[in-house]
Amino acid sequence: MRAGGGAAPGALALALLRRCLLLGPLGLRPASAQDGNGCGHTLLTPHSGTLSSKNYPGTYPNHTMCRWRLQVPPDTSLLLAFGDVDLEPSEHCAHSSLLLADLQAGTAYGPYCRNSAPSAPLLVTNSSTVTVLFNSTSHRSGRGLLLSYATSQHPDLVTCLVRGTHYTQEHVSVYCPAGCKDIYGDIWGNPSQGYRDTSVLCKAAVHAGVIADELGGQVTLSREKGITLYESAFANGLHSKRGSLSEKRLIFHKACDDVLEVATFNASSWWHEVDALGQSRSWGAERAALSTSGHSWAAEPGTKAAWLELDLGTRRNVTGIITKGSSEQHNYYVMSYHISFSRDGKNWKPYRGSSGQEDKVFEGNFDSHGEVSNAFIPPIVARYIRVTPQSWHQRMALKVALVGCPLARVRAPRPYVPSVPKEVLEPTSYPASRTPIPGIALDPEKAGSTLLVMLLTGSFVLLCSCLLLLAFLCHRKRKSAVELNCGITKGYPKLESSQVCSLQSLPAPNLASFSMAPMPGDLSRTHSPDYAEPDLVQVSPSSQTGPSTFKPLLEEGYTLPLVLSHYDVPGKHHEYAEPLPPEPEYATPFSEPEPAGMHRSTCGVPGTPGCSPVRYQTPAPRPGELPAGAERTGSLCFEGSHGQPGHCPLAHVYHEAL
């Protein structure tokens, strides 16, 4: 809610305002301050702050009063955020109340209690100075109040009670006020792995070293996927808890958070230990590196003002420090320390933090093996960092690592020097061999090298193209030669690689070139296979040829496979119809009467003495075909020109198939 001209105060509000005016010495002070016996945790700065009633979040005491004066720079106005207002209800908030008043303008906001709470969580005033008055009488319950403020330049101000679960977006940017470190609230996790989203947001930001509790500031974070377990850690004076799985976790963004490399370690003194067996052990300065295993650096016994020095080699932007004790075997550690820094190793300055009033005391370790982080806000810009222990357990023993990043180098602007152009004689006419190319400007001094590079590039591309073309032609030629030698032609059946090219000089396939070994039951050796000849049928060009079982001619693009028979590789090659078995089935001659004039021989009956064997008349052989029996005897057996029948063996007469 916004104060337009100020809310019209009631009678009680006017009485409280007069009371504030009567207690005017606090209102005349130039800075923020507090007064009264009912004040709780309070941190007031010129830009932001947090205040609470006594015993918050417990029940506030009876008959108490507290007054806070809030003041920001004159050119800004105050923005107030109500974190919690829980005062016992009463009529017109007469018993316990909260009142906000601008004494200079004479306006008031309130009074507020449980039955009359603020209508909005944020209140924007028109003044840079506001007085907050808390009053209590006899009551039974009530947590009291928690209030935060900042300048109107931070409209995204939140209170110390806001948690990560209050947001749904993945990226969050809010302004946390100063003083949230000691407000009641739990956090789970650590700076390296993130924080459980149920953690109090601003308190977790202080633990992570993103902001300083005494200053507050802008916080940018991401809500990422949760993890199974959140480990606890001690950092910047806060101890987080060990938590279980959550849906989301909070990851704070830090731009300068890398472990810096230390060039050398130095110390005011170190301890030379001699154990019970008489063995010597050195606890020197080089043992102070956090990454070393075993024991750490330890000061000489009896030293009261020992220090450990770290040389970074060059100036760095140092944003934090990590400390650790000796080890688990020796229970030595530093509980608190001061920090000083130097740029040249001679002139040293103590680190005083944001207040700048006194040297800041950093909280160290509480055991000998855990790591503790502390942030430098504002950061340190130096080459040398010195750690001076203030309190320790049993012995000053320490391991250290520094966190930061290199300095951003900003180049100084060079003085302007006007450039003097060189005198170049331009030719009045170009030679005939040099014709300017439109759109291309070549420097005469660099033209030679440019042309050389272009020529070399073109030659390389041309050479590569020729090599690729030659390889392609050789590949095709080799492929054609292999196909020719192996008898593979387009349209032939595809053979296995083991069946093809077994002999590069294999002749063209022929029926007589495949010598088949005789096998049991193989009838092809006793009679040459005669394939049935298909009938000559006139086929129209539009008709399709149906499947045939006759052996195709060699001109049709087929060849015999390199196997003994087609039964050796079933299903892979064409299986043609084989001829009938060679054992002939003879036809019985018909008994027909002889024509007149024909002489019937008396030797028609077999076994008649003095007669030659009976020979049947055989049909004339086809052109190029041997008569029956010639294949076995190797001689022609047919009736000669003289008609001597006794020169041929007995032959049977058979009928030609229809």
Side chains of [X] and [Y] only: does a donor on one sit below 3.5 Å from an acceptor on the other?
X    : Y    : value
T64  : S136 : yes
S77  : T125 : no
Y230 : S199 : no
T198 : R196 : yes
D344 : S342 : yes

Requested in this report: Could you walk me through whether H338 and Y351 pass side-chain contact (heavy atoms from CB on, under 4.5 Å), step by step?
Outcome: CA-CA 7 Å; H338 286 306; Y351 184 79; over 6 Å; no

Okay, side chain of [X], backbone of [Y]: is any donor-acceptor separation there less than 3.5 Å?
X    : Y    : value
N236 : A375 : yes
S116 : C113 : no
T319 : P379 : no
S53  : L145 : yes
R249 : Q193 : yes
E88  : S141 : yes
S52  : H41  : yes
S90  : H95  : yes
N374 : G364 : no
N365 : G370 : yes

Report task. Kindly state whether the ring of H295 and the ring of W271 have centres lying under 6.0 angstrom apart. Result -> no

**Report entry** Aromatic centroids of F376 and F362 separated by under 6.0 Å
**Finding:** yes

State, with a plain yes or no, whether a side-chain heavy atom of [X] is found less than 4.5 Å away from one of [Y].
X    : Y    : value
N266 : D311 : no
F252 : V219 : yes
R281 : H272 : no
H393 : N331 : yes
D182 : L43  : no
F265 : L310 : yes
Y337 : I321 : yes
L79  : T151 : no

Requested in this report: Let me see the working for C176 and C160 under disulfide bond (SG atoms under 2.5 Å apart), right down to the final yes or no.
Outcome: CA-CA 7 Å; C176 290; C160 301; over 6 Å; no

Quick test of your reading of the model: are [X] and [Y] salt-bridged, counting only N-O distances below 4.0 Å?
X    : Y    : answer
E358 : R352 : no
K181 : E214 : no
K248 : D197 : no

Rounded at 0.5 Å granularity, tell me how far [atom1] in [X] sits from [atom2] in [Y].
X    : Y    : atom1 : atom2 : result
T323 : L402 : OG1   : CG    : 11.0 Å
K241 : D186 : NZ    : CG    : 3.5 Å
W270 : E300 : CH2   : CD    : 10.0 Å
N135 : C66  : CG    : SG    : 11.0 Å
S152 : L78  : OG    : CG    : 8.5 Å
Y56  : D84  : OH    : CG    : 3.5 Å

Query raised in the report: Stepwise, does the side-chain contact (heavy atoms from CB on, under 4.5 Å) test hold for E170 with R223?
Result: CA-CA 5 Å; E170 298 298 327; R223 296 176 70 250; 4.2 Å; yes

Query raised in the report: Under the side-chain contact (heavy atoms from CB on, under 4.5 Å) criterion, do Y384 and L312 qualify, and how do the steps go?
Result: CA-CA 6 Å; Y384 301 91; L312 299 176; over 6 Å; no

Query raised in the report: Does CD belonging to E224 count more than 12 external heavy atoms closer than 6.0 Å?
Result: yes

Query raised in the report: What do you reckon, is CD of Q394 surrounded by more than 12 foreign heavy atoms closer than 6.0 Å?
Result: yes

[X] to [Y] - nearest heavy-atom pair and separation:
X    : Y    : result
R395 : P301 : NH1-CG, 3.0 Å
L238 : H207 : O-CD2, 3.2 Å
W307 : T388 : CB-OG1, 4.0 Å
G194 : I251 : CA-CD1, 3.6 Å
G243 : L229 : O-CD1, 3.1 Å
N317 : L260 : O-CD1, 4.5 Å

Query raised in the report: Relative to each other, are the rings of H154 and Y175 parallel, tilted or perpendicular (30° and 60° limits)?
Result: parallel

Query raised in the report: Given S368 and Y333, is the side-chain contact (heavy atoms from CB on, under 4.5 Å) satisfied, shown in steps?
Result: CA-CA 5 Å; S368 60; Y333 54 91; 4.2 Å; yes

Query - ring pair (Phe, Tyr, Trp, His ring centres under 6.0 Å): pairs with one or both residues in residues 116-140, sequence neighbours excluded - result: Y60-F134, Y60-H139

Requested in this report: Show your reasoning for whether disulfide bond (SG atoms under 2.5 Å apart) applies to C202 and C180.
Outcome: CA-CA 6 Å; C202 292; C180 290; 4.5 Å; no

**Report entry** Worked verdict on S222 versus H253 for side chain to side chain donor-acceptor pair (under 3.5 Å)
**Finding:** CA-CA 8 Å; S222 299; H253 298 172; 2.7 Å; yes

